[in-house]
Number of protein chains: 2
Amino acid sequence: MSAALQPVDPANDTQTRQRILLAAERLFARLGYGATSLRAIMAEANVNTASVHYYFGGKAALLRAIFDMRVGATNAEREQLLDECERAAGKRAPQLRGLLEAFFGPAIRMSRSAEGQDFNQITALCSVDPDPELRKIVHDAYDQLARRFITLLRRACPQLDESTLYWRLHCMYGSMMYVRTQNGRVDYLLGDASGGLTAEEILDELVAFVEAGFLAPAKARPRKKSR
Amino acid sequence: MSAALQPVDPANDTQTRQRILLAAERLFARLGYGATSLRAIMAEANVNTASVHYYFGGKAALLRAIFDMRVGATNAEREQLLDECERAAGKRAPQLRGLLEAFFGPAIRMSRSAEGQDFNQITALCSVDPDPELRKIVHDAYDQLARRFITLLRRACPQLDESTLYWRLHCMYGSMMYVRTQNGRVDYLLGDASGGLTAEEILDELVAFVEAGFLAPAKARPRKKSR
DNA sequence: GTCTATATGTGGATAGAC
DNA sequence: GTCTATCCACATATAGAC
């Protein structure tokens, strides 16, 4: 915490600690956490092999430091946009579209920015890694805000029962993650047909898809008793 | 190829080769490919430390052998269901819902079956791994069929321009993958609210969401010139 | 604070006896 | 075909000189 929470100031990147953070971010994003060795990071950052332990204490702590450095901005923007949704709705239920834009927008903009794209990849990779330690880092970084989002989402979609909400949230997260990382599967299949869209246009596409998904009529199912 | 393409016969699992395949499948699914050592596999399978190299030639070849063993059934079922979609449509465009059920159904059923769930996880993990070798294995296993699916999808959704199709396919793949693996994010947030649905009910939820997403009106955008 | 040297562990792969 | 013993590369981490 403390200084680590500040966004990176490029003017400071001559300092050892910052150089390590940025080198690690680059490599974790390209190779994944598990496949990146501290040696490779230290070579990329041009520091000696003891620096990471001196400054951070180890590999996992270094990853946490990267999250500490980056999550603040995205979460703050999301909070602020959700505030606006609530304010605009007054006593009424918030608008689904506005909630989705508040949740996806900061993430998509980050994924398309030069400074944010590496961290965006790291978030996506860690969130599906089987290693519980990595999952926990993602959890700690994002879940408080996600809970607020879901509370508002429930009010915007009162027609959805708990189980339908559960599975649609999977679809929502999956859609967001695949769009954020532009997972190479589709490029294999279509070629790069992304169309050179801006961040706001991509956001539009994502929101349109997910909004329609949440608005789809819910299947009537015989209710199972809850225990 | 050849014998490796047959589904596993549990009665044969006394044989060394089969024991290795099943142990590796279990561990790759739980820990991921990169985090699983051959030593751990060989301990789990109760074979000596040279067997994997003798039977498969190495770690990557072992993973390929698992894919060879498993992909046949899912792909065959998908092909057959797509055949039925085309037959039912005759000269008209195929139905979107039928295509989605043909594409998702075999995967969802596999993900909920005792024999298929480990391989399902492996597919999901490898398809987002940054290692190009793993991505290529997924590519080789699934992309021929995916191309056929997309060709039919285009006919079912003629209103979608290429760029919109590109981004919606990301949403589709993301939704399918997150539902298949039941990514733990949502369980953190909601608790397990999955509702104990059957495979067919989960398929219904997924298809409803994605169908609505594909049917959402496409944004009119100023057309960029293609080069 | 910075660096070299090294401790200690684990990975994939293989040689060669049986 | 099966197994033991081992090679060698590379991982994280640390001790201790400067």
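Model, not experiment: these values are computed from the prediction.
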> Could you run down nucleotides 8-15 of chain C 5' to 3' and tag each one B, S or - for protein heavy-atom contact under 4.0 Å?
Replying inline: ---BBBB-
> Can you list every pair that meets side chain to side chain donor-acceptor pair (under 3.5 Å) and has a residue in residues 30-43 of chain B, with sequence neighbours left out?
Replying inline: Arg30(B)-Asp118(B)
> Quick one: is Tyr55(A) getting a side-chain N or O under 4.0 Å of the dT2(C) phosphate, OP1 or OP2?
Replying inline: yes
> Can you name the residues that form a ring-ring contact (aromatic ring centres under 6.0 Å, His included) with Tyr166(A), not counting sequence neighbours?
Replying inline: His170(A)
>> Please report the interatomic distance NZ(Lys59(B)) to CG(Leu38(B)), rounded to the nearest 0.5 Å.
In response: 6.0 Å
> Of all residues at least two apart in sequence or in a different chain, which pass the salt bridge (charged side-chain N to carboxylate O under 4.0 Å, His left out) check with Arg112(A)?
Replying inline: none
>> Output the rounded distance in Å from OH (Tyr54(A)) to P (dG1(C)).
In response: 4 Å
> Who are the side-chain hydrogen bond (donor to acceptor under 3.5 Å, both in side chains) partners of Glu133(B), not counting sequence neighbours?
Replying inline: none
>> Among residues at least two apart in sequence or on other chains, which ones pass ring-ring contact (aromatic ring centres under 6.0 Å, His included) with Phe149(A)?
In response: Phe103(A)
> Which residue pairs satisfy the salt bridge (charged side-chain N to carboxylate O under 4.0 Å, His left out) criterion with at least one member in residues 176-197 of chain A, sequence neighbours excluded?
Replying inline: Arg185(A)-Asp143(B)
> Starting at CG of Asn48(B) and ending at C1' of dG1(D), how long is that distance when rounded to a whole Å?
Replying inline: 9 Å
> Using a heavy-atom distance cut-off of less than 4.0 Å, which residues of residues 128-135 of chain A contact DNA chain D?
Replying inline: none
>> In whole Å, I'd like the distance from the CZ atom of Arg19(A) to the P atom of dG1(C).
In response: 15 Å
>> Restricting to salt bridge (charged side-chain N to carboxylate O under 4.0 Å, His left out), what partner residues turn up for Glu162(B), sequence neighbours left out?
In response: Arg154(B)
